[in-house]
Amino acid sequence: VLQVLRAFPGVRECGICVEGNLAPGRNIKIDECSAYAELGNDKNAEHFCRLAKESDIWVVPLNTADRRYGYIQIIPQDQVALENFKPLLLNFLNALAINLENRRQKQYLEKANAELLERADNLERLVWERTTELETKSQLLELVDERTSQLKKVKRKVVHSNIVKVRLKDLIKKHRALSKVPKGPK
């Protein structure tokens with residue numbers, strides 16, 4: 001970026017501060033970008049590069065619709081030539097800001113996609129675990145139903161057997177009662 005800016009007519013030197021990272025020009029003395037520390041994401045905040053106070057440095061913010069990414073500092077060599085190419089220079093800097101915004105959006109989307117994939121994997125694991133649990137419970141219920149059915153059959157047999165036993169006992173009692181009854185005259 002700095003090489004391209006240095007190639008513009010009327011530019012003697014330039015520097016860049018993007019998101020607190022400095023690439024100062026050879027003749028631009030700046031140790032830190034104190035403005036970016038206060039900058040945050042608000043492009044409308046009341047702050048600016050401290051080099052803007054210098055009369056021989058032209059400072060241009062790198063803005064998109066929602067964010068300020070930093071500043072370009074330009075030391076003009078020829079004010080007239082720089083003014084003639086100012087629209088082209090501003091378009092280039094706007095494209096740079098849009099490129100920075102696109103990178104930020106791409107990083108955001110990659111991070112969001114990674115989180116979504118992780119959540120999808122987690123959901124798949126939970127579905128698999130729950131399905132396995134439900135299959136196990138279903139098998140247990142089938143076994144319980146089978147055993148219950150077998151117990152009902154046995155119960156019916158036992159009840160039937162008990163009924164038969166009661167009837168048999170009743171018949172035996174009747175038979176005994178009849179065999180004890182005195183028989184008529186001989």
Side-chain angles (χ1 to χ4, degrees), residues 1-140:
V1 173
L2 293 178
Q3 289 176 345
V4 172
L5 290 173
R6 287 182 185 121
F8 268 88
V11 174
R12 182 174 78 212
E13 185 56 67
C14 58
I16 186 171
C17 170
V18 176
E19 296 183 330
N21 297 310
L22 290 174
R26 294 180 285 265
N27 296 321
I28 297 177
K29 304 295 182 214
I30 184 169
D31 300 330
E32 63 178 78
C33 186
S34 59
Y36 191 79
E38 305 161 7
L39 188 62
N41 293 335
D42 186 5
K43 77 172 191 98
N44 298 316
E46 293 296 324
H47 48 74
F48 207 68
C49 176
R50 64 186 171 120
L51 293 176
K53 296 175 185 173
E54 309 269 334
S55 62
D56 62 336
I57 298 178
W58 183 38
V59 177
V60 182
L62 293 171
N63 291 341
T64 60
D66 298 322
R67 185 179 173 103
R68 180 174 292 157
Y69 285 92
Y71 303 96
I72 298 289
Q73 304 93 13
I74 297 173
I75 298 176
Q77 181 174 4
D78 180 352
Q79 285 285 357
V80 175
L82 188 57
E83 282 297 322
N84 288 336
F85 284 92
K86 186 175 181 179
L88 180 62
L89 181 62
L90 292 176
N91 282 339
F92 174 74
L93 296 177
N94 185 48
L96 175 62
I98 290 170
N99 189 354
L100 292 169
E101 178 71 15
N102 289 342
R103 281 186 186 181
R104 186 177 71 85
Q105 289 294 329
K106 181 180 177 188
Q107 290 170 349
Y108 171 78
L109 289 174
E110 286 173 350
K111 180 181 176 189
N113 284 336
E115 289 175 7
L116 285 173
L117 287 173
E118 183 179 325
R119 289 181 183 185
D121 288 345
N122 187 41
L123 284 174
E124 283 183 31
R125 182 185 54 78
L126 290 173
V127 166
W128 182 84
E129 288 174 0
R130 183 66 175 141
T131 301
T132 303
E133 179 184 336
L134 290 173
E135 287 172 347
T136 302
K137 287 182 179 182
S138 176
Q139 289 171 353
L140 284 173

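Quick caveat: nothing in here was measured; it's all calculated off a predicted structure. Side-chain atoms are counted along with the backbone in the values below, which use heavy atoms only and exclude waters and symmetry mates.
By the 4.5 Å heavy-atom criterion applied to side chains, R67 and R104 are counted as neighbours. Within the 4.5 Å cutoff, the side chain of T64 has no heavy atoms near those of the L100 side chain.
Expressed to the nearest 0.5 Å, how far CG of N99 lies from CG of N94 amounts to 11.0 Å. Remark: I57 CD1 to E13 CD distance equals 10.0 Å, nearest 0.5 Å. To the nearest 0.5 Å, atom CG of residue L93 and atom OH of residue Y69 are 15.0 Å apart. Distance CD/Q107 to CD/Q105: 10.0 Å, rounded to 0.5 Å. Here L123 contributes atom CG and E118 contributes atom CD; the two are 11.0 Å apart, rounded to the nearest 0.5 Å. Here the CZ atom belonging to R119 is positioned 7.0 Å from the CG atom belonging to L116, to the nearest 0.5 angstrom.
Residue E110 qualifies as enclosed at atom CD: its count of foreign heavy atoms under 6.0 Å is above 12.
Residue pairs meeting the salt bridge (Lys or Arg N to Asp or Glu O under 4.0 Å) criterion with at least one member in residues 82-95: none, sequence neighbours excluded. For residues 121-132, the salt bridge (Lys or Arg N to Asp or Glu O under 4.0 Å) pairs, not counting sequence neighbours, are R125-E129, R130-E133.
Minimum heavy-atom separation, A97 to L62: CB-C, 4.0 Å. Counting all heavy atoms, side chain and backbone alike, P61 lies closest to Y71 at CA-CD2, 3.7 Å.
For the 3.5 Å distance criterion, the side chains of Q139 and E135 fail to qualify, holding no donor opposite an acceptor.
The backbone N or O of I16 sits less than 3.5 Å from a side-chain atom of Q73, completing a donor-acceptor pair. A side-chain donor-acceptor contact under 3.5 Å links T132 to the backbone of W128.
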*Would L89 and L82 satisfy side-chain contact (heavy atoms from CB on, under 4.5 Å), going step by step from the backbone distance to the final call?*
CA-CA 9 Å; L89 181 62; L82 188 57; 3.9 Å; yes

*In sequence, state the C-alpha distance, the side-chain angles, and the governing distance for L96 and I72, and then conclude on side-chain contact (heavy atoms from CB on, under 4.5 Å).*
CA-CA 10 Å; L96 175 62; I72 298 289; 4.2 Å; yes

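Residues satisfying the side-chain contact (heavy atoms from CB on, under 4.5 Å) criterion with D78, sequence neighbours excluded, are V80, A81. Evaluation of the side-chain contact (heavy atoms from CB on, under 4.5 Å) rule for V4 yields F8, F92 as partners, not counting sequence neighbours. Not counting sequence neighbours, the partners of V127 by the side-chain contact (heavy atoms from CB on, under 4.5 Å) test are T131.
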